[in-house]
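These notes concern the structure reproduced below.
Lettering follows sequence order; numbering is per chain, from 1.
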Protein chains: 2
Amino acid sequence: MDALTIHEAAETSGWSPRMLRYVERTGLVTAARSASGYRLYGPGELQRLRTLKELLERFGVGLSDIAFAARLESDGALREAVETWLRSEPQRPEHVSAADWLRFEQDKHEKLLAAA
Amino acid sequence: MDALTIHEAAETSGWSPRMLRYVERTGLVTAARSASGYRLYGPGELQRLRTLKELLERFGVGLSDIAFAARLESDGALREAVETWLRSEPQRPEHVSAADWLRFEQDKHEKLLAAA
DNA sequence: CAAACCTTGACACACTAGTGATAAGGTTTG
DNA sequence: CAAACCTTATCACTAGTGTGTCAAGGTTTG
């Protein structure tokens, strides 16, 4: 059987019917439609639904995060801008050497003393 | 003047002091601290704050989205899993050829007719 | 030392994400 | 044809994001 209805798909994928409709609205897994408008889930959709669920649970991320990742993949300008911003990011604690940090602090002390 | 206080940084970056503290909690832009705990913003932080604000406004994304992108960059397993999931994604309208779609629909019709 | 800063914490509010339940109405099927 | 599906739309509720304001208390500075 290739095309399951939403309840059948829900049972075999671990999502609720309600959530399958919600997932569809996020654009992450879209079901085909029968002539009368019923959602039809094929093996591909079922597979993606299962792996999507596992992905969310394993990393504790949300549907909106994955939707954003999808947007990053399809919107080159956005991906470009985000990556550029992230690369100009030397202030994260792990990336600052103790020596640099100390020098920064000392510079500030000098300035504060000089200003007083 | 290299190190600005939070109010000064707010005025020159376009964020409110409240939001600068919030941005810091997201981990995206962290200020250095004076000996007594005051936040000190250097030119680098100011630059990143300005470009971050422009990034958010230009693309209509949220701080949490950029925070997620940062997590993608630093967590290889997560990036791997997300990319793998996105690649197994042939059902997005743009990625499905008209011929494939038609065949899928026809298959379903055959099945529906056969079942009737 | 008092005014003008800074800090964290908390109350408050609007909006989005995520999720269930339920209603009104069409479809499929034994 | 009636039971068991399906559809969209709506109400409701929790949690998280984004943002302002205010309180209690430490710091800096004219």
Side-chain angles (χ1 to χ4, degrees), chain A residues 1 3-42 45 49 52-53 55-57 59-71 105 108-116, chain B residues 1 3-41 45 49 52-57 59-71 108-109 111-116:
Chain A
M1 182 70 86
L4 302 190
T5 66
I6 197 170
H7 267 89
E8 295 165 331
E11 282 180 7
T12 60
S13 70
W15 295 89
S16 65
R18 174 68 167 83
M19 282 310 294
L20 291 187
R21 299 194 184 98
Y22 184 72
V23 168
E24 188 171 280
R25 273 208 334 166
T26 69
L28 292 175
V29 180
T30 307
R33 295 301 184 111
S34 75
S36 59
Y38 283 22
R39 263 167 269 252
L40 295 171
Y41 292 86
E45 284 75 46
L49 285 171
L52 176 58
K53 193 173 184 60
L55 176 59
L56 300 189
E57 284 164 1
F59 293 96
V61 301
L63 287 168
S64 53
D65 292 322
I66 308 302
F68 181 70
R71 187 176 164 196
E105 287 296 303
K108 269 177 313 201
H109 282 159
E110 286 173 23
K111 291 195 177 78
L112 290 171
L113 290 172
Chain B
M1 183 69 85
L4 302 190
T5 65
I6 197 171
H7 266 89
E8 295 166 332
E11 282 180 8
T12 61
S13 70
W15 295 89
S16 65
R18 174 67 167 83
M19 282 310 294
L20 291 186
R21 298 194 185 97
Y22 185 72
V23 167
E24 188 172 280
R25 273 207 335 165
T26 68
L28 291 175
V29 180
T30 306
R33 295 301 185 111
S34 74
S36 59
Y38 283 23
R39 263 166 271 253
L40 295 171
Y41 292 86
E45 283 75 46
L49 285 171
L52 176 59
K53 193 173 184 59
E54 204 202 310
L55 176 59
L56 300 188
E57 285 164 1
F59 293 97
V61 302
L63 287 168
S64 53
D65 292 322
I66 308 302
F68 180 70
R71 188 177 164 196
K108 267 177 314 202
H109 284 160
K111 290 193 180 81
L112 291 170
L113 290 173

*When you check the phosphate oxygens OP1 and OP2 of D:dT8, does a side-chain N or O of A:Arg18 lie under 4.0 Å from one of them?*
no
_By nearest heavy atom, map B:Val61 and A:Arg39 onto DNA chain D; which one lands nearer the 5' end?_
A:Arg39
*What is the distance from atom CG of B:Leu52 to atom CD1 of B:Ile66, rounded to the nearest 0.5 Å?*
6.5 Å
*Keeping the roles fixed (side chain from A:Glu45, backbone from A:Gly42), state whether a donor-acceptor pair exists under 3.5 Å.*
yes
*Go through B:Arg71 and A:Val61 one step at a time and tell me if the side chain to side chain contact (heavy atoms under 4.5 Å, CB included) criterion holds.*
CA-CA 10 Å; B:Arg71 188 177 164 196; A:Val61 301; 3.4 Å; yes
*asked:* Counting only side-chain nitrogens and oxygens, does B:Ser64 get under 4.0 Å of the OP1 or OP2 atom of D:dG18?
replied: yes
*Send over the distance from A:Lys53 NZ to C:dT19 P, rounded to a whole Å.*
7 Å
*asked:* Measure CD/A:Glu24 against P/C:dT19 and give the value in whole Å, please.
replied: 16 Å
*Figure out the CG/C1' separation between B:Leu52 and D:dG18, and round it to whole Å.*
13 Å
*Any donor-acceptor N/O pair under 3.5 Å between C:dG26 base and A:Tyr38 side chain*: yes
*Roughly how far, to the nearest 0.5 Å, is the OG1 atom of B:Thr30 from the CZ atom of B:Arg39?*
9.5 Å
*D:dG20 OP1/OP2 closer than 4.0 Å to side-chain N/O of B:Ser16*: yes
_Between P of C:dA4 and CD of B:Glu8, the distance in whole Å_ = 16 Å
_What is the separation between atom CG on A:Asp65 and atom P on C:dT16, rounded to the nearest whole Å?_
17 Å
_Side chain B:Arg21 and base C:dT8 donor-acceptor under 3.5 Å_ = no
*Looking only at non-hydrogen atoms, find the nearest pair between B:Leu56 and B:Leu63 and report the distance.*
CD1-CD2, 3.7 Å
*Would you indicate which nucleotide in C:dC5, C:dT7, D:dT19 comes nearest to any side-chain atom of B:Ile6?*
C:dT7
*asked:* Using OP1 and OP2 only, check whether a side-chain N or O of A:Ser36 sits under 4.0 Å from D:dT7.
replied: no
*Starting at the 5' end of DNA chain D, which residue's closest nucleotide do you reach first, A:Gly37 or B:Gly62?*
A:Gly37
*Look at B:Arg33 and D:dT27 and indicate whether a side-chain polar atom (N or O) is within less than 4.0 Å of OP1 or OP2.*
no
*asked:* From CG of B:Leu40 over to P of C:dC5, roughly how many Å is that when rounded to an integer?
replied: 16 Å
*Represent DNA chain C in dot-bracket notation, 5' to 3'. Only Watson-Crick or G-U wobble pairs with both distances under 3.5 Å count; pseudoknot-style crossings use [ ] and interstrand partners use |.*
||||||||||||||||||||||||||||||
*In whole Å, what is the span from the OH atom of B:Tyr41 to the P atom of C:dT7?*
7 Å
*OP1 or OP2 of C:dT19 less than 4.0 angstrom from a side-chain nitrogen or oxygen of A:Tyr22, does that happen here?*
no
